[in-house]
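Before any comments, here is the structure.
These numbers come from a predicted model, not from an experiment. In this chain, residues are counted from 1 in sequence order.
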Amino acid sequence: NVEVIVIDASSKDRTHHVLNSFASSDLKVYSVVNYNYYAMLNRGISVATGKYVCFLRPGDFYLSVNTLLHIARMMTEQRYPQLVYCGSLRHDQGSEPKVMINELTPSFLKKGKLPTTLQSCWFLRQNLLDIDSFNTNYTLLADFELLCRLIKKDKFRVTFTPRVLVDDERRHGHYHFPFRWMQESFRIIIRYFGPFFAVWWLMRLKPNELFRYFIRSIKNSFFYKHGG
């Protein structure tokens with residue numbers, strides 16, 4: 001069975017009208033006053049009733065009608081690990097689509113990278129509840145922090161498929177994004193892997209790439225703000 005939970009941040013468009021047209025006992029809609037992405041995900045986790053939870057944003061979709069069936073088989077075959085994930089096709093605005101799929105290991109996380117997108121992850125719901133789900137003190141990288149937290153747990157089990165089953169449509173950037181991203185990445189790496197790896201990660205950053213990303217983020221933010 002599949003349960004669909006929609007968390008709506010007091011939208012003023014036709015969201016509720018569209019959702020009402022899909023009236024079903026398996027569709028539940030909850031509203032929150034303010035938009036806070038990770039807090040909204042935590043809300044969804046708290047009201048869900050299924051064994052596993054996954055997350056999609058508007059514009060994201062599964063690349064195969066059999067995606068959920070394939071993932072469900074992996075869950076049962078692997079005796080319900082805490083995390084199941086697959087490959088993702090990520091669209092960063094202004095660049096070519098990129099396939100994201102890597103093995104989730106401490107050494108990979110130390111690089112400040114996610115092995116795949118959050119939308120390509122299925123989490124054992126009770127496990128998330130036991131560790132208080134997403135840390136909303138992070139506004140950009142609570143998903144990265146969650147994976148770092150999980151992999152440090154004893155008896156953490158994870159399985160993945162290299163198949164690309166999810167399309168992740170990235171949103172517009174914002175001018176302060178690169179600096180906040182650096183700050184949150186550094187805080188997370190130093191917390192879970194120590195100061196040596198945090199400094200090592202910082203020294204590996206390429207200033208010219210950060211500058212180009214910064215300029216692109218300003219352009220995207222201005223383009224979005226003025227309705228281009």
Minimum side-chain heavy-atom gap [X]-[Y] below 4.5 Å:
X    : Y    : value
W200 : K111 : yes
F156 : L83  : yes
C148 : F193 : yes
F108 : L104 : no
R187 : Y138 : yes
Y30  : V6   : no
C86  : W122 : yes
Y35  : M40  : yes

Distance (rounded to the nearest 0.5 Å) between [X] [atom1] and [Y] [atom2]:
X    : Y    : atom1 : atom2 : result
R73  : N66  : CZ    : CG    : 7.5 Å
L146 : I151 : CG    : CD1   : 11.5 Å
S46  : L129 : OG    : CG    : 8.0 Å
D168 : K98  : CG    : NZ    : 12.0 Å
C121 : L147 : SG    : CG    : 6.0 Å
I7   : K28  : CD1   : NZ    : 11.0 Å

With no hydrogens and no angle check, do the side chains of [X] and [Y] hold a donor and an acceptor under 3.5 Å apart?
X    : Y    : result
E3   : T49  : yes
D143 : Y38  : yes
N135 : N137 : yes

Under 3.5 Å, is there a donor-acceptor pair between the side chain of [X] and the main chain of [Y]?
X    : Y    : value
N36  : A39  : yes
R157 : R79  : yes
Q82  : K155 : yes
S185 : W181 : yes
N127 : L124 : no
K152 : Y192 : yes

| message | Between D167 and R90, does any side-chain N to carboxylate O distance fall below 4.0 Å? | response | no
Nearest atoms (heavy-atom pairs only) where [X] meets [Y]:
X    : Y    : value
V164 : S88  : CG1-C, 3.8 Å
K110 : W201 : O-CB, 4.1 Å
I189 : G112 : CD1-CA, 3.9 Å
L165 : T67  : O-OG1, 3.5 Å
E145 : I188 : CB-CD1, 3.7 Å
I45  : R125 : O-NH1, 3.4 Å

| Option among T159, T161, I101 that satisfies the side-chain contact (heavy atoms from CB on, under 4.5 Å) test with Y85 | I101
| said: Set out, in order, the CA-CA distance, both residues' side-chain angles and the distance that settles side-chain contact (heavy atoms from CB on, under 4.5 Å) for Y52 and I71, then state yes or no. | reply: CA-CA 11 Å; Y52 282 84; I71 296 298; over 6 Å; no
| request: Walk me through it: do I131 and R149 pass the test side-chain contact (heavy atoms from CB on, under 4.5 Å)? | output: CA-CA 9 Å; I131 62 171; R149 193 169 5 130; 3.8 Å; yes
| Honestly curious: do L56 and V2 fall in one hydrophobic cluster under the side-chain, below-4.5 Å linking rule? | yes
| request: Before giving the answer on side-chain contact (heavy atoms from CB on, under 4.5 Å), spell out for F144 and E184 the whole-Å C-alpha distance, their side-chain angles and the decisive distance to 0.1 Å. | output: CA-CA 10 Å; F144 177 59; E184 292 191 4; over 6 Å; no
| said: Pair R180, T139 - check side-chain contact (heavy atoms from CB on, under 4.5 Å), show working. | reply: CA-CA 9 Å; R180 184 174 295 177; T139 59; 3.1 Å; yes
